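Every heavy atom of this structure was used, including side-chain atoms; hydrogens, water molecules and symmetry mates were not. In this text, all values refer to a predicted model and were calculated from it rather than measured experimentally. A, B, ... follow the sequence lines: proteins, then strands. Residue 1 opens every chain.
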Protein chains: 2
Amino acid sequence: MNRNSLNFSGGPGALPESVLLQVQEAVIAVPEVGLSVLAISHRSDWFASIVAEVETNICKLLGLSGDYHVLLLQGGATQQFSMVPMTLLRGKTSAAEYLHTGYWSGKALPEARREGPVRVVWSGEASDFRRLPGDDELSFSADAPYIHYVSNETVEGLQFHRVLGRDDVPRVCDMSSDFLSRPCEAERFSLIYAHAQKNLGPAGVTVVLIRDALLKDAPENLPGFLDYPSQIEAHSNFNTPPVLAIYVVLLVTRWMMAEIGGVERMAELNRTKAELLYKLLDESQGFYRGRVEPQDRSMMNVTFNLANPEVENHFLAAATAAGFSGLSGHRAVGGVRASIYNALAIAAVEKLMGFMEDYQRSSDRAA
Amino acid sequence: MNRNSLNFSGGPGALPESVLLQVQEAVIAVPEVGLSVLAISHRSDWFASIVAEVETNICKLLGLSGDYHVLLLQGGATQQFSMVPMTLLRGKTSAAEYLHTGYWSGKALPEARREGPVRVVWSGEASDFRRLPGDDELSFSADAPYIHYVSNETVEGLQFHRVLGRDDVPRVCDMSSDFLSRPCEAERFSLIYAHAQKNLGPAGVTVVLIRDALLKDAPENLPGFLDYPSQIEAHSNFNTPPVLAIYVVLLVTRWMMAEIGGVERMAELNRTKAELLYKLLDESQGFYRGRVEPQDRSMMNVTFNLANPEVENHFLAAATAAGFSGLSGHRAVGGVRASIYNALAIAAVEKLMGFMEDYQRSSDRAA
């Protein structure tokens, strides 16, 4: 297996080899155009067709109707941390309801507070972000402008396996690290955003899904690039969009449809990978220690610790020497993190498991 | 010549072939890392070295000292239209001074007006943006927070061939379409911004040069991604940056230094290309009609008309059939535009000239 196929990075993450090969060709000449994808006009008919196909493919993959707009924006999830409250909270008196379940949901909070009142419905801070709340711990208000949560906390390795909130309050969800990794009941959300660099493409583009009705009271004085209606009207071409990154997202959606066979099948593969790794942790007799409570384990980011940071560093160095990359935990929490996004094959997980079993055996012998 | 080398698009524009070949390799494996550039962590040592080298190369190419910060941001020049007045105009009572010299400087105006008072020092609207102001038409105020202008109007084909403003007021300049195409006396500006997709790389990244002293009174309540000091502190890694686009900018700066030999030499080549084309227009006995007054002609975007739009369409179709691309004028003004950015070779201009001469001859014969 080549190095790309053993890239367990938390993001930017691995991409399918067939996509990389098509990108490689397109850097010199997009087949249907004959020009480098880096130098094709964003106002060309070709690029309009690319955007239209991405919009269609994402709606098809999620089974969404025409009530939703698909946007392809710059600025990452970080820009959405601001655009959401600029659009839905500015000038409001009732509080938006946020869950604080880890590093990334924590980053969204101060940006929302700049714009209006925020109520933290639940915080996992006291429990070191090692678990998510049960329904009995959550109470949502009917008059909130919206509820915001992060479906998968990449840093901690926590993932919700149900939809939160209430149907009479718009749900806004940061799905940056699990979008299109499983069916997500998208029609129950008013706004979903996901930067591309986990499951969809390279860094530099962010997918936003917005239910049309959400924008009926959108403010009219935002700068155009931060204004959802302006971006919708322009089909993400309000100003020059990141052409290459969007093209890669298209290739990935095509791959999901044609090679994988849709989101249900993607989820099965992702579940298989996650179950294999968690089983190894659980059966390691405490050598590999899962970071979070089992019911909240992420199918995207398998986080674990070894006996101590020194042992972890030794493990990470050995993994790097064996050809694996990206296994260091996020700088905020340390430890080890195996990110197993859509493009990471089961064979790569099996290879990692083989390495981990060998490593444990040789450590046990040395002890 | 292949199609990329005959790409006269207004942007995204042509890139050097040697750069495209390196990008092609990096899509599968960056030589010094062994991973796809689309899937390398933005927190890796490798990427930090890429950003550092871009910062160094740009300062070297422009002869800038340590007084300047180099940023690599998302959102294009459009985001800078907002970030500049958010940072320098919000809450001010004296007006920022803007020149309205064409399509793009016109786009900057409403974004500035959202933030504070704006005085339009000069507008070319009444003259259909066919010329730029002389010094005798300009009067700048000593108490303006800053003066803003666009050095090269891509749409109209107008370019300033001198530095405007006064030394006691910060100069802010949108150099999106001529940055690094010629020496620009960068040290006379407090802030320069330029999206990459003309002379520097693909769409998706924007270079911003900021003199440190400009930010001493920067507001402290902007969202981080719109806050220059936060971006400076993070070396453009405040949130996930567009890794591939930044890597391409690095390769282009290396190309300019090693293969071209610097900005002076780049300007000579650009001047040669422009002079060849303008000479052809001037000697065509009115068949090709330069759009703007000769003293304000752009060395980047050669705009011209033929007898009428019907003839122009025929010309453009013939040019496309002959292998040229991107020659249509911007939708705002129509006509023909030959964009001759850094990466476009003299040989491509000569080939276009040959085509234009043939086209004129055959039209004359048909008449």
*Atom pair CD (A/Q74) and CZ (B/F225), whose distance is rounded to the nearest 0.5 Å*: 11.0 Å
*asked:* Taking side chain as everything from C-beta outward and backbone as N, CA, C, O, which of these in B/I246 sits under 4.5 Å from a heavy atom of chain A? Side chain, backbone, both or neither.
replied: neither
*Side chain, backbone, both or neither: which part of A/I40 has an atom under 4.5 Å from a heavy atom of chain B?*
backbone
*Would you say A/S36 and B/R3 make side-chain contact, with heavy atoms under 4.5 Å?*
no
*About how many Å separate CZ of A/R43 and OG of B/S328, when rounded to the nearest 0.5 Å?*
14.0 Å
*Heavy-atom pairs under 4.5 Å with chain A, option from B/E25, B/M86, B/H42, B/E17 with the top count*: B/H42
*Indicate the atoms forming the closest heavy-atom contact of B/N4 with A/G34, along with that distance.*
OD1-O, 4.4 Å
*Under a 4.5 Å heavy-atom cut-off, does chain A meet the side chain of B/S44, its backbone, both or neither?*
neither
*Where the side chain of B/Q24 meets the backbone of A/Q24, is there a donor-acceptor pair that is under 3.5 Å apart?*
yes
*Do you know which of A/I28, A/L244, A/N2 has the most heavy-atom pairs under 4.5 Å to chain B?*
A/I28
*Would you say the side-chain atoms of A/N7 pair up with the backbone N or O of B/L35, donor to acceptor, closer than 3.5 Å?*
no
_Contact origin within B/F238 toward chain A - heavy atom pairs under 4.5 Å_ = side chain
*Region of B/L226 in contact with chain A, defined by heavy-atom distances below 4.5 Å*: side chain
*asked:* I need the minimum non-hydrogen distance between A/G13 and B/A39, along with the two atoms involved.
replied: O-CB, 3.1 Å
_Quick one: does any side-chain atom of A/N221 pair with a main-chain N or O of B/R114 as donor and acceptor, under 3.5 Å?_
no
*With a 4.5 angstrom heavy-atom cut-off, which part of B/Q197 approaches chain A: side chain, backbone, both or neither?*
side chain
_Flag if over 12 foreign heavy atoms under 6.0 Å of CD, B/E32_ = yes
*With only heavy atoms counted, which part of B/Q79 is less than 4.5 Å from chain A, the side chain, the backbone, both or neither?*
both
*Contact part of B/S41 toward chain A, heavy-atom cut-off under 4.5 Å: side chain, backbone, both or neither?*
both
*Sort out for me which of B/G201, B/G224, B/P223 touches chain A most, counting heavy-atom pairs under 4.5 Å.*
B/P223
_B/N239 side chain to A/G75 backbone, donor-acceptor under 3.5 Å_ = yes
_Out of A/P110, A/G11, A/A245, return the one with the most heavy atom pairs under 4.5 angstrom to chain B._
A/G11
*With respect to chain B, which residue among A/L15, A/L73, A/T78 yields the maximal number of heavy-atom pairs within a distance under 4.5 Å?*
A/T78
*Measure B/V33 against the heavy atoms of chain A and call it side chain, backbone, both or neither at under 4.5 Å.*
backbone
